[in-house]
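The block underneath contains the structure these notes are about, expressed in structure tokens.
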Amino acid sequence: MFNRLPASRLPPSCFLSTSFSLRRPFTTTRTKFNAKESSSFKEGAIRYKLFVSPFAKVFLGAIFTYQVIYWTWLKLEMDESKYTKNQEVAALEKQAKELTGTQK
């Protein structure tokens, strides 16, 4: 069906268009040739990367628990001080009524 021309008869432009070494890559960043080399910092970071998420969860849970307990304690103290002040005001009002009642 199709007759192929021998490589000696093909024009040189045909070789250039199919050459992959002359094509420009689509990426703008350069590839690292020494990808196997890694610094000790990266090795240490990879080792502790597994513990970051659990540590953050426990730490944030502890802060949340502390804040809930603190706000609850503060609310109870405010209720207690309000109760004692209301009792003191009631006692003073009763005493004021007795003093004004005896004077009339």
Side-chain angles (χ1 to χ4, degrees):
M1 265 193 196
F2 295 105
N3 291 333
R4 291 191 166 193
L5 293 173
S8 62
R9 290 187 157 195
L10 291 175
S13 63
C14 191
F15 290 118
L16 291 176
S17 65
T18 59
S19 174
F20 292 107
S21 63
L22 297 177
R23 288 188 181 177
R24 186 174 171 190
F26 293 112
T27 60
T28 56
T29 59
R30 294 185 181 196
T31 58
K32 292 184 178 181
F33 294 107
N34 296 331
K36 292 182 180 178
E37 285 186 35
S38 63
S39 66
S40 62
F41 176 75
K42 285 184 180 180
E43 290 173 3
I46 289 170
R47 178 180 294 162
Y48 292 107
K49 192 174 184 180
L50 296 172
F51 299 106
V52 171
S53 179
F55 179 78
K57 288 178 184 177
V58 170
F59 183 72
L60 291 175
I63 289 177
F64 177 74
T65 304
Y66 172 78
Q67 288 295 319
V68 167
I69 291 171
Y70 176 75
W71 288 332
T72 305
W73 187 269
L74 190 64
K75 174 82 168 112
L76 290 172
E77 279 188 345
M78 289 176 59
D79 289 346
E80 182 183 6
S81 65
K82 198 180 287 186
Y83 178 75
T84 56
K85 286 180 183 179
N86 284 341
Q87 281 185 336
E88 187 178 340
V89 167
L92 289 173
E93 285 177 350
K94 184 179 179 183
Q95 187 180 5
K97 284 181 184 178
E98 288 175 357
L99 288 175
T100 56
T102 56
Q103 290 178 355
K104 287 186 183 179

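Predicted model, so just to flag it, every value in this text is computed and none were measured.
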Residues 46-74 vs salt bridge (Lys or Arg N to Asp or Glu O under 4.0 Å), sequence neighbours excluded, gives none
Per-pair distances, 0.1 Å, donor-acceptor, side chain in residues 67-74, under 3.5 Å, sequence neighbours excluded:
from, atom 1, to, atom 2, distance (Å)
T72, OG1, V68, O, 2.7
W73, NE1, E77, OE2, 2.9

In short, salt bridge (Lys or Arg N to Asp or Glu O under 4.0 Å) pairs touching residues 66-75 with sequence neighbours left out are K75-D79
For residues 80-92, the salt bridge (Lys or Arg N to Asp or Glu O under 4.0 Å) pairs (sequence neighbours left out) are none
Sorted by chain and residue number, the side-chain hydrogen bond (donor to acceptor under 3.5 Å, both in side chains) partners of Y83 (sequence neighbours excluded) come out as Q87
